[in-house]
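The structure under discussion appears below in the form of C-alpha cells.
Scope of the values below: all heavy atoms of this structure, side chains included, with no hydrogens, waters or symmetry mates.
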Amino acid sequence: MAAAGSSPTIVEYFGGEDGYRCGYCKNESGNLSHGMWAHSMTVQDYQDLIDRGWRRSGKYVYKPIMNQTCCPQYTIRCQALRFQTSKSHKKVLKKMLKFISKGDISKAVSEEEPMDSHIEDAVSCSFVHRSESHVSEAELTPLNEDHADVVENEDEDKGETKEEVNVKKAELGSLQICGDKDAAVPGEPSPSTKTVHAPPKPGKGADLSKPPCRKAKDIRKERKLQKLLQNQRCTLEGSPLQAEHQALLLQSSKSTTNQPKSIEDFIFVPLPDDAPHKLEVRLVPVSFEDPQFKSSFNQSATLFAKYQMAIHKDTPSECGENEFTRFLCDSPLEPENPPNGPECGYGSFHQQYWLDGKIIAVGVIDILPYCVSSVYLYYDPDYSFLSLGVYSALREIAFTRQLHEKAPDLCFYYMGFYIHSCPKMRYKGQYRPSDLLCPETYVWTPIEQCLPLLELSKYSRFNQDAKAVDEDHIKELGRVRVLHKRTIMPYSVYKKRRKGPSDEASVQQYASLVGQTCSERMLLFRS
C-alpha cells in the first residue's frame, strides 16, 4: 500500500497517562488512555491501528484503557453498503431538500438524535496541547542508503550473527504494508478484524417464516395496479403484448413497494431552476500546498471558532488559529494515490459544505484503505435547524459508497467511538447495520449482540469464544522496528546498544497495543 518515496510511520510512545478529566461523566481524573505522537503515518498503518481501538486527534494517537477508564469508548463502524435510512434520517434529508429547493425553514429538532453528531470529539482536542513532541525534524529523518550507518558486528564474543546485527537501510519504498502473512487481505477481514455472527434468539426480531410487514399505502398501490391490470385485459385480450405488459406492471409494482429510498435518492435530486439556495460539497485535501485549502483557511478557521464558542463554550484563546491548525489541519497521514485507489487518493481531507457561496459546515475525514473515518465536524450554529450533524454523517456514508465504486475494498464508515455509559452518545448505534470492536480480541461484532452485554456492564468483551485471543498479539519483541540516531534497527540490536536503564517494559507495552504486524512496519523513535 505504501507508495514509493512515501515516509514510513514514525511514532514516539508516551505510555499510559495519568487520569484526566472526562468530558462525558465529568470525572476529574477518570479518563485513562495510552498515547503516542505520530510524526508521520501511512494510511495502512492507521487503518490497522483503528482496527485495534486507536484514534487520532491531530498528530496525537490514543487508545482508551478500556477496562479502567470511567467511560469505555468502543470503536464503531457502519456497514455503508448495507446502510438503510431510518425514519429520523429521512426527516433530516427531506428538511435539507425543502430548504434548498423551496426555502422552507423547519425549526423542529429531531428528538431521536442530537444535533451535533460528533460532540464527543471536542474532548480529544486537549490531547494535542498535552502531549506534543519536541524532537527535531533532523532526528526523525532516517539516513538514505548512501549515508546510513551500518551497525557492524561489534562484539563477536556475544555470539551475535551478522544477519542479526546488520541494520536494515531506510529504503522507504521497500516498506511492506500488506505483504506480511499476518497482514489484512484486501476485501477480507484480517485475523484481527473478524466479524462474529450469532444466530437470532427465539422471540427476537422478525419471524422469517411469515411475509414481511407492509405499509397500508403500498397495499393500496398494489390493489390499484391490479385493477388497472383487469381493465387492460379487456383491451389486450388475445394480444401478444398482454403477457409482457402485465409483467412490466407487476415488476414496477414490486419495485415501488419493496425498495425503500436510499440516501442517494434524497441527496442527488434535480433541483428547480429557481431554487432559492445552492448547496455544494467540496472535498479539499488537508495541505497548505493545496490552493483550495489555502484560500478557504481563514473562513474555515473563523467558523471553527464560532462553533466551539457557541456549542462547546470555549474561550477565544481555546479555539484560535493555532489550536484549529494543530487539532484539525495537522495530520500525520501521508497522502497516497495508488492506481487501484479512489480518484481523490488516501489521506486527510476537509469536506466543506458551501451554501450560497459561504462555508456553513466542515466534516474532517480520513480516507483509508478500507473505510472513511470521521474525525470531527464543526458547523455554523445559525444553521442548527438543518441538523447538520446528522446530515453530514449521512453524506459521509453516501460518499463512502461512492468511493467503493472505484476502490472495492473501501466499504465501511467509521464513526469514532460509541459510549454506551453516556446516554447522549448512544445515537451512533442508530446508523445500522453497525459493528462494535471487541476490546480484547479486536473482532467486529454486530451491535445488536453487544447492547445486552453493555446493559449489564459498561466494560464488556464482545467475543463470546472464551478461548479466542488477539491473533496479532506480540510474539517476537526483538522484531519491533526502532529508529535510533537516524538508523533503523530491530529492537534486539537496539537493546544491546542502549545505555542506561532498560526500556523493555515500555516497548513491550507499545508492541502489545499496536500488534505484531504494525510493530514490524512502524518505526518507534528512541532518543
Checklist entry - Out of curiosity, Asp366 CG to Ile50 CD1, how far, rounded to the nearest 0.5 Å? => result 7.5 Å
Next on the checklist: Before you tell me yes or no, could you show the steps for His404 and Tyr370 under ring-ring contact (aromatic ring centres under 6.0 Å, His included), namely the whole-Å CA-CA distance, both residues' side-chain angles and the distance that decides it to 0.1 Å?
Outcome noted: CA-CA 9 Å; His404 170 77; Tyr370 307 140; over 10 Å; no
Checklist entry - Between Tyr431 and Tyr413, does the ring centroid distance fall short of 6.0 Å? => result no
Checklist entry - Hey, does the side chain of Arg55 reach the backbone of Val375 with a donor-acceptor pair shorter than 3.5 angstrom? => result yes
Checklist entry - How are the rings of Phe99 and Phe385 set relative to one another: parallel (under 30°), tilted (30 to 60°) or perpendicular (over 60°)? => result perpendicular
Checklist entry - Taking side chain as C-beta onward, heavy atoms only, is Asn298 less than 4.5 Å from Glu321? => result yes
Checklist entry - Heavy atoms, side chains only, cut-off 4.5 Å: are His34 and Tyr62 in contact? => result no
Checklist entry - With a 4.5 Å heavy-atom cut-off, do Ser262 and Arg401 have their side chains touching? => result yes
Next on the checklist: Has Thr85 got a side-chain atom pairing as donor or acceptor with Lys90's backbone, closer than 3.5 angstrom?
Outcome noted: no
Checklist entry - Roughly how far apart are Leu403 CG and Leu410 CG, rounded to 0.5 Å? => result 5.5 Å
Item to check | Atom pair CZ (Arg426) and CG (Leu451), whose distance is rounded to the nearest 0.5 Å | outcome: 8.5 Å
Checklist entry - Given the rule in the side chain to side chain contact (heavy atoms under 4.5 Å, CB included) test, do Ile76 and Phe417 qualify, once you have shown the distances and angles that lead to the verdict? => result CA-CA 6 Å; Ile76 182 170; Phe417 289 134; over 6 Å; no
Checklist outcome for this item: Exactly one candidate in Val281, Ile365, Leu394, Ile263 meets side chain to side chain contact (heavy atoms under 4.5 Å, CB included) with Phe399; the answer is Ile365
Next on the checklist: Let me confirm one number: the CG-CG distance from Asp380 to Leu388, rounded to the nearest 0.5 Å.
Outcome noted: 8.5 Å
Next on the checklist: Can you confirm whether Arg56 sits close enough to Ser348 that some side-chain heavy atom of one is under 4.5 Å from a side-chain heavy atom of the other?
Outcome noted: yes
Checklist entry - His312 vs Tyr307 aromatic rings, parallel, tilted or perpendicular, using cut-offs 30° and 60°? => result perpendicular
Item to check | Test of ring centre spacing under 6.0 Å for His350 and Phe293 | outcome: yes
Checklist entry - So, are Lys278 and Asp356 salt-bridged, with charged N and O less than 4.0 Å apart? => result no
Checklist entry - Would Asp435 and Arg77 count as a salt bridge (Lys or Arg N to Asp or Glu O under 4.0 Å) if you check the C-alpha gap in whole Å, the side-chain angles of each, and the deciding distance to 0.1 Å? => result CA-CA 6 Å; Asp435 309 304; Arg77 72 177 187 185; 3.1 Å; yes
Next on the checklist: Working to the nearest 0.5 angstrom, can you tell me the gap between Thr9 OG1 and Met522 CE?
Outcome noted: 6.0 Å
Next on the checklist: Do Ser33 and Lys63 have side chains that approach each other closer than 4.5 Å (heavy atoms only, starting at C-beta)?
Outcome noted: no
Checklist entry - Does a side-chain heavy-atom distance below 4.5 Å link Lys428 with Ser434? => result no
Item to check | Verdict with supporting geometry, Leu523 and Val11, side chain to side chain contact (heavy atoms under 4.5 Å, CB included) | outcome: CA-CA 6 Å; Leu523 301 180; Val11 297; over 6 Å; no
Checklist entry - Can you say whether the rings of Trp37 and Tyr60 are parallel (under 30°), tilted (30 to 60°) or perpendicular (over 60°)? => result tilted
Next on the checklist: Ring centroids only, cut at 6.0 angstrom: are Phe304 and Tyr378 within range, meaning strictly under it?
Outcome noted: yes
Checklist entry - Any donor and acceptor pair, going by atom type alone, linking the side chain of Ser460 with main-chain N or O of Ser457 inside 3.5 Å? => result no
Item to check | Close aromatic pair by centroid cut-off 6.0 Å: Tyr379 and Tyr353 | outcome: no
Checklist entry - Just checking, is any N or O donor in the side chain of Glu440 or Asn463 under 3.5 Å from an acceptor N or O on the other one? => result no
Checklist entry - Mind checking whether Asp470 and Asp472 have side chains closer than 4.5 Å, heavy atoms only? => result yes
Item to check | Nearest-0.5 Å distance, CG of residue Leu386 to CD1 of residue Ile360 | outcome: 6.0 Å
Item to check | Aromatic plane relationship, Phe462 with Tyr74 - under 30° parallel, 30 to 60° tilted, over 60° perpendicular | outcome: tilted
Checklist entry - Quick one: does Gln292's side chain get under 4.5 Å of Arg282's, heavy atoms only? => result yes
Checklist entry - Do any N or O atoms from the side chain of Ser519 and from the backbone of Gln516 form a donor-acceptor pair under 3.5 angstrom? => result yes
Item to check | Electrostatic pair Lys294-Glu289, nearest N-O below 4.0 angstrom | outcome: no
Checklist entry - Are Lys94 and Phe266 in a cation-pi contact, defined as NZ or CZ under 6.0 Å from the six-membered ring centre and within 45° of the axis? => result no
Checklist entry - side chain to side chain donor-acceptor pair (under 3.5 Å) with Tyr414: which of Asp51, Thr75, Thr400? => result Asp51
Checklist entry - Can you list the steps and then say if Arg432 with Gln84 is a side chain to side chain contact (heavy atoms under 4.5 Å, CB included)? => result CA-CA 7 Å; Arg432 303 283 180 98; Gln84 294 290 338; over 6 Å; no
